[in-house]
**Student:** 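The structure is given below, and queries will be raised subsequently.
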Amino acid sequence: MIIAIDGPSAAGKGTLAARLAQAYGLRRLDTGKLYRAVALTLLASGREPGAEEAAEAAAKVDLAGMDDAALRTPEIGRVASIVAAFPAVRAALIDAQRSFASAGRAVIDGRDIGTVIWPQAEVKLFVSASQEARAMRRWLEHQARGEAISPQQVADDLAIRDARDAARDTAPLRPAFDAHLLDTSALGIEEVVEIARRLVDAAIPSPRG
Ligand code: DC
């Protein structure tokens, strides 16, 4: 079974993916980390995030040994969204994602999992939330990590990234035609997990038939 979770930044995909992986004993791949790792590799090498440089970094990217905190910064998120729009970068990262999926029993979250990477996923969720709710959640995450950034700056960054992720020509952010749409604006995490579990349970034939 593969559960594909897509949606805009800070909609709650990551938390939901982790909870579903735990509940069903599935492996998990956060594909945003791959794009963030490309951004980090580029910036660390002092190179400009141009298409060619980004594609080279993507071809070599390896999540092992990558520091999670370094990948999570607003700057890396911003550059990740820029490099993710280059077709050569996306192409370089496809095999790793598909090979993870083809091993089965996994939750994979990102922007194009249900549409491009694994359209045959048994369950596809498109998780979204209002701009305000997402900006507030992301700001609270920054606060918890002690990062000084204003709520307005967080809201502006999210709006720019989402517009870029949705407008690109290759694998834009959009729900698969058969995805379940889950608006989490007014829901707590437990409610979101509960709804998602019902959808997953309905998609998996019960062992007792
Ligand atoms: O989910 P995230 O914030 O870690 O993702 C960082 C950026 O990577 C995001 O702005 C868009 C890009 N991304 C993508 O284009 N496709 C994916 N499957 C995952 C992330």
Side-chain angles (χ1 to χ4, degrees), residues 2-18 21 28-43 49 51 54-55 57-58 61 63 66-101 106-119 121 124-129 131 133-142 145 147 149 153-176 179 182 184:
I2 300 295
I3 303 175
I5 306 182
D6 291 304
S9 314
K13 300 185 300 289
T15 312
L16 177 60
R28 178 188 171 206
L29 178 62
D30 168 1
T31 61
K33 270 194 183 174
L34 295 169
Y35 295 91
R36 286 173 181 269
V38 173
L40 185 63
T41 308
L42 256 184
L43 293 186
V61 94
L63 287 182
M66 286 263 174
D67 173 20
D68 235 46
L71 292 177
R72 284 277 133 222
T73 67
E75 166 76 347
I76 293 297
R78 195 178 60 73
V79 177
S81 160
I82 294 172
V83 299
F86 298 133
V89 169
R90 306 201 72 82
L93 298 177
I94 281 185
D95 282 354
Q97 296 174 78
R98 289 200 176 137
S99 101
F100 190 90
V107 184
I108 308 180
D109 54 303
R111 303 292 188 290
D112 61 341
I113 310 306
T115 50
V116 173
I117 299 298
W118 209 252
K124 299 183 197 175
L125 305 173
F126 191 87
V127 181
S128 65
Q131 284 261 9
R134 293 187 293 113
M136 180 49 70
R137 285 178 199 161
R138 189 45 57 93
W139 181 74
L140 288 172
E141 285 169 21
H142 288 308
R145 290 198 295 262
E147 291 159 4
I149 182 165
Q153 181 67 52
V154 173
D156 292 349
D157 284 354
L158 279 185
I160 293 170
R161 276 180 54 190
D162 290 343
R164 194 189 287 122
D165 293 344
R168 67 182 175 226
D169 292 332
T170 312
L173 168 69
R174 62 176 173 77
L182 232 158
T184 68

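In listed order, ligands and their atoms are each counted from 1. Just so you know, these numbers come straight off a predicted model, no measurement behind them.
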**Student:** Tell me: protein heavy atom nearest atom 10 (O) of ligand 1, and distance?
**Tutor:**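 Protein heavy atom with the smallest distance to atom 10 (O) of ligand 1: Asp165 OD2, 2.9 Å.
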**Student:** Quick one: does ligand 1 sit under 4.0 Å from the side chain of Arg168, the backbone, both or neither, non-hydrogen atoms only?
**Tutor:**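 The part of Arg168 near ligand 1 is the side chain, not the backbone.
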**Student:** Under a 3.5 Å cutoff, is there a donor and acceptor pairing between the side chains of Thr15 and Arg137?
**Tutor:**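 Side-chain D/A pair, Thr15 to Arg137: absent.
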**Student:** Which ligand 1 atoms does Ser81 reach within 4.0 Å, using its non-hydrogen atoms?
**Tutor:**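 In order of number, 10 (O).
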**Student:** Would Asp30 and Arg72 pass as an ion pair if we require N to O under 4.0 Å?
**Tutor:**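 Answer for the salt bridge query: yes.
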**Student:** Identify, for atom 6 (C) of ligand 1, the protein heavy atom at the shortest distance, and state residue, atom and that distance.
**Tutor:**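 Sorting protein heavy atoms by distance from atom 6 (C) of ligand 1 puts Arg161 NH2, 3.5 Å first.
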**Student:** So which bit of Arg90 gets within less than 4.0 Å of ligand 1, heavy atoms only: side chain, backbone, both or neither?
**Tutor:**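 Side chain only; the backbone of Arg90 stays clear of ligand 1.
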**Student:** Counting non-hydrogen protein atoms only, what is the nearest one to atom 1 (O) of ligand 1? Give residue, atom name and distance.
**Tutor:**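 The closest heavy atom on the protein side is Arg111 NH1, 2.9 Å.
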**Student:** Below 4.5 Å, heavy atoms only, C-beta onward: do Gln153 and Asp157 meet side chain to side chain?
**Tutor:**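 They are in side-chain contact.
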**Student:** Should Leu34 and Leu63 be marked as a side chain to side chain contact (heavy atoms under 4.5 Å, CB included) after you check the CA-CA gap, both sets of side-chain angles, and the distance that decides it?
**Tutor:** CA-CA 7 Å; Leu34 295 169; Leu63 287 182; 3.8 Å; yes
**Student:** Going by distance alone, is a donor N or O of one side chain under 3.5 Å from an acceptor N or O of the other, for Ser9 and Arg161?
**Tutor:**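 Indeed, the side chains of Ser9 and Arg161 share at least one donor-acceptor pair under 3.5 Å.
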**Student:** Quick test: of every protein heavy atom, which one is nearest to atom 12 (C) of ligand 1, and how far off is it to 0.1 Å?
**Tutor:**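 Going atom by atom, the protein heavy atom closest to atom 12 (C) of ligand 1 ends up being Ala84 CB, 3.6 Å.
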**Student:** On a heavy-atom basis, I'd like to know which of Gly32, Ala171, Gly110, Gly7 is closest to atom 20 (C) of ligand 1.
**Tutor:**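 Nearest option to atom 20 (C) of ligand 1, by heavy atoms: Gly32.
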**Student:** Does ligand 1 come near enough to Asp112 that some N or O of the ligand is less than 3.5 Å from an N or O of the residue?
**Tutor:**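 N/O-N/O distance below 3.5 Å exists for this pair.
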**Student:** In the protein, what heavy atom is nearest to atom 8 (O) of ligand 1, and what distance, to one decimal place, separates them?
**Tutor:**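 I find the closest protein heavy atom is Tyr35 CB, 3.4 Å.
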**Student:** Looking only at protein heavy atoms, which one is nearest to atom 7 (C) of ligand 1, and how far off is it?
**Tutor:**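 Checked against all protein heavy atoms, atom 7 (C) of ligand 1 sits closest to Ala80 CB, 3.8 Å.
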**Student:** Identify, by atom number and element, the atoms of ligand 1 in contact range of Arg36, meaning under 4.0 Å from any of its heavy atoms.
**Tutor:**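 Reading through ligand 1 atom by atom, the close ones are 2 (P), 3 (O), 4 (O), 6 (C).
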**Student:** Verify the distance criterion only: is there a donor paired with an acceptor across the side chains of Arg78 and Thr73 at less than 3.5 Å?
**Tutor:**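 Short answer, no.
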**Student:** For Ile5 and Leu16, run side chain to side chain contact (heavy atoms under 4.5 Å, CB included): C-alpha distance rounded to whole Å, both residues' side-chain angles, the deciding distance at 0.1 Å, then the answer.
**Tutor:** CA-CA 9 Å; Ile5 306 182; Leu16 177 60; 4.1 Å; yes
**Student:** Go through it in stages, so that I can follow the logic: the residues are Leu40 and Arg36, the test is side chain to side chain contact (heavy atoms under 4.5 Å, CB included), and I'd like the CA-CA distance, side-chain angles, deciding distance and then a yes or no.
**Tutor:** CA-CA 6 Å; Leu40 185 63; Arg36 286 173 181 269; over 6 Å; no
**Student:** Please say which of Arg168, Arg164, Arg111 ends up in a side-chain hydrogen bond (donor to acceptor under 3.5 Å, both in side chains) with Ser81.
**Tutor:**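 Between Ser81 and the candidates, side-chain hydrogen bond (donor to acceptor under 3.5 Å, both in side chains) is satisfied uniquely by Arg164.
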**Student:** Considering non-hydrogen atoms of the protein only, which is the closest contact for atom 19 (C) of ligand 1, and what is the distance?
**Tutor:**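 It is Thr31 OG1, 3.4 Å.
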